[in-house]
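First the structure, in the form of structure tokens, and then the observations on it.
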Amino acid sequence: MIKMKKPQVPAFMSRKGSSTAKPGKKPKKQKPRTTTGNGTVVQAATGTAGRWAVYVVAGLVALMALYGFLNSFKSDPPPQTVVADSAGVEQQQAGSFAQSYVGAWLSATKSDHKALDAYGTTQTTAITGDTPVEYKDLAVASVHKESDDMTSVVVSASVKTVEEDKSSKNKKKEIWTPYWYQVAVVGSGDALSVVGAPTPIASPGVKDAPPTSYNRRVSDQDMQNTIKDFLAAYVTGKGDVTRYVAPDKNITAISPSYWDSVTLKETNSAEEIKDVSSSDGQTADVLVTAVVTHDKTSKPAQYVLSMKVRDGRWEVTQINSAPALRN
């Protein structure tokens with residue numbers, strides 16, 4: 001009897017080497033793998049990153065929706081309207097209109113009053129004489145808004161009168177005296193008119209000038225020299241004014257200059273002046289009294305200067321427009 005051999009089961013079919021899971025047990029999930037360009041196997045995290053990206057985008061969309069919902073309850077602010085301030089222009093127009101009116105009124109005579117007639121006035125019947133009033137320096141002194149439609153204008157003019165010259169027999173001299181006239185103007189823009197005739201009024205009186213703050217006489221020779229040289233270059237236009245001006249300031253000389261020379265008379269300061277050798281950076285405001293001369297005619301003049309010490313010397317930093325008054 002021939003004995004038959006038991007067939008051998010291939011290894012890949014044996015239970016021991018099989019990848020089949022045992023009944024009742026779930027196979028473990030394998031994480032996806034990816035291979036980089038150099039052949040290295042890395043764990044892919046795209047699934048987790050993708051989920052977080054979705055969460056972030058969803059949150060932003062929700063916030064934007066909430067913001068739009070809340071803003072829907074807010075009303076838009078009313079549009080702002082820019083209104084041009086025409087008060088200044090209207091006052092200038094009224095002033096110019098009144099100035100021309102006063103000029104026509106002064107020049108009008110019984111036989112020639114066409115310029116005055118152009119203003120629609122009915123006052124020409126009261127004009128007598130054929131000699132016009134001679135005037136010069138016609139100017140607007142003030143403009144005041146009385147109401148929405150009416151403006152009060154004061155016009156000044158120097159009027160000529162002739163008087164006998166007491167210092168010389170049979171000779172007369174001309175005198176120019178300033179006079180003021182008040183005019184009521186109504187309307188605006190391209191439609192203006194005057195109400196009645198001009199009203200001659202008293203010109204403002206003159207009172208004593210108030211004291212200034214410059215009550216300390218300056219004796220510092222360094223400051224005096226700088227001021228003297230600066231004024232000589234500035235007033236006459238001769239010399240380099242920048243030599244006496246701070247480098248970061250811009251002051252140019254008078255050009256063309258009318259004055260031939262300037263003489264320093266007095267300098268007063270509002271504060272105590274220290275020696276320049278120990279006061280670098282010190283500042284001072286001074287009131288300078290001088291005499292300016294052209295040919296044989298001299299006139300007093302004053303300058304209010306701001307000065308500063310730099311590198312042991314005084315320099316001018318500014319020519320001020322007005323002096324400081326004492327408190």
Side-chain angles (χ1 to χ4, degrees), residues 80-168 170-212 299-302 321-323 325:
Q80 296 182 354
T81 303
V82 178
V83 180
D85 184 8
S86 61
V89 176
E90 292 179 358
Q91 289 185 352
Q92 291 178 4
Q93 292 175 338
S96 179
F97 191 77
Q99 178 180 340
S100 300
Y101 175 55
V102 170
W105 178 77
L106 290 171
S107 301
T109 65
K110 182 179 180 179
S111 58
D112 185 5
H113 46 73
K114 291 182 180 179
L116 186 60
D117 293 340
Y119 292 89
T121 178
T122 59
Q123 306 296 325
T124 55
T125 56
I127 298 176
T128 61
D130 291 323
T131 302
V133 176
E134 292 187 53
Y135 67 89
K136 65 179 182 179
D137 302 331
L138 191 68
V140 176
S142 67
V143 179
H144 178 68
K145 196 75 173 176
E146 298 288 348
S147 63
D148 291 341
D149 195 48
M150 180 175 287
T151 303
S152 176
V153 182
V154 175
V155 178
S156 65
S158 295
V159 176
K160 175 185 173 181
T161 57
V162 179
E163 297 181 0
E164 292 184 1
D165 189 353
K166 296 181 181 180
S167 62
S168 179
N170 301 325
K171 287 188 177 181
K172 296 182 178 180
K173 61 180 180 180
E174 296 179 353
I175 298 177
W176 294 91
T177 306
Y179 289 98
W180 289 37
Y181 309 91
Q182 190 167 359
V183 179
V185 179
V186 295
S188 61
D190 57 354
L192 296 172
S193 63
V194 293
V195 181
T199 303
I201 60 174
S203 58
V206 179
K207 66 177 184 178
D208 294 336
T212 66
K299 303 284 185 181
Q302 285 188 322
S321 59
L325 300 181

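Values below: every heavy atom of this structure, side chains too, minus hydrogens, waters and symmetry copies.
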With rounding to the nearest 0.5 angstrom, report the NE2 to OG distance, His113 to Ser107.
13.5 Å
Would you say the side chain of Trp176 lies within less than 4.5 Å of the side chain of Thr161, judging by non-hydrogen atoms?
no
Mind listing the closest non-hydrogen atom pair of Met150 and Val195 along with its distance?
CE-CG2, 4.3 Å
Taking atom CD of Gln93 and atom OG1 of Thr151, what is their separation to the nearest 0.5 Å?
10.0 Å
Would you say Glu146 has more than 12 foreign heavy atoms packed within less than 6.0 Å of its CD?
yes
Are Trp105 and Tyr181 an aromatic pair, judged by ring center distance below 6.0 Å?
yes
Between Pro323 and Thr212, the two heavy atoms sitting closest are CB-CG2, 4.3 Å
Begin with the C-alpha distance, continue with both residues' side-chain angles, and end with the deciding distance and a verdict on side chain to side chain contact (heavy atoms under 4.5 Å, CB included) for Thr199 and Val183.
CA-CA 6 Å; Thr199 303; Val183 179; over 6 Å; no
All heavy atoms of Ile127 vs all of Lys110, minimum pair found to be CG2-N, 3.7 Å
Donor-acceptor under 3.5 Å (Ser96 side chain, Gln92 main chain)
no
Minimum side-chain heavy-atom gap Val154-Val140 below 4.5 Å:
no
Calculate, to the nearest 0.5 Å, the distance between atoms NZ and CD belonging to Lys171 and Glu164 respectively.
13.5 Å
Where do Thr109 and Gly129 come nearest, in terms of heavy atoms and distance?
CB-O, 3.5 Å
Do Tyr101 and Leu116 have side chains that approach each other closer than 4.5 Å (heavy atoms only, starting at C-beta)?
yes
Give me the atom names and distance for the closest heavy-atom approach of Leu106 to Ala157.
CD1-CB, 4.3 Å
So Gln182 and Pro198, do their side chains get closer than 4.5 Å, heavy atoms only?
no
Looking at Gln99 and Leu138, would you say the former's side chain and the latter's main chain have a donor-acceptor pair under 3.5 Å?
yes
Identify, with sequence neighbours excluded, every residue that meets side-chain hydrogen bond (donor to acceptor under 3.5 Å, both in side chains) alongside Ser188.
none
Does atom NZ (Lys145) have a neighbourhood of more than 12 heavy atoms from anything else shown, all under 6.0 Å?
yes
Can a donor-acceptor pair be found, under 3.5 Å and without considering hydrogens, that links the side chain of Ser158 to the backbone of Tyr135?
no
Any side-chain heavy atom of Val133 within less than 4.5 Å of one from Val159?
yes
Does atom CG (Asp148) have a neighbourhood of more than 12 heavy atoms from anything else shown, all under 6.0 Å?
no
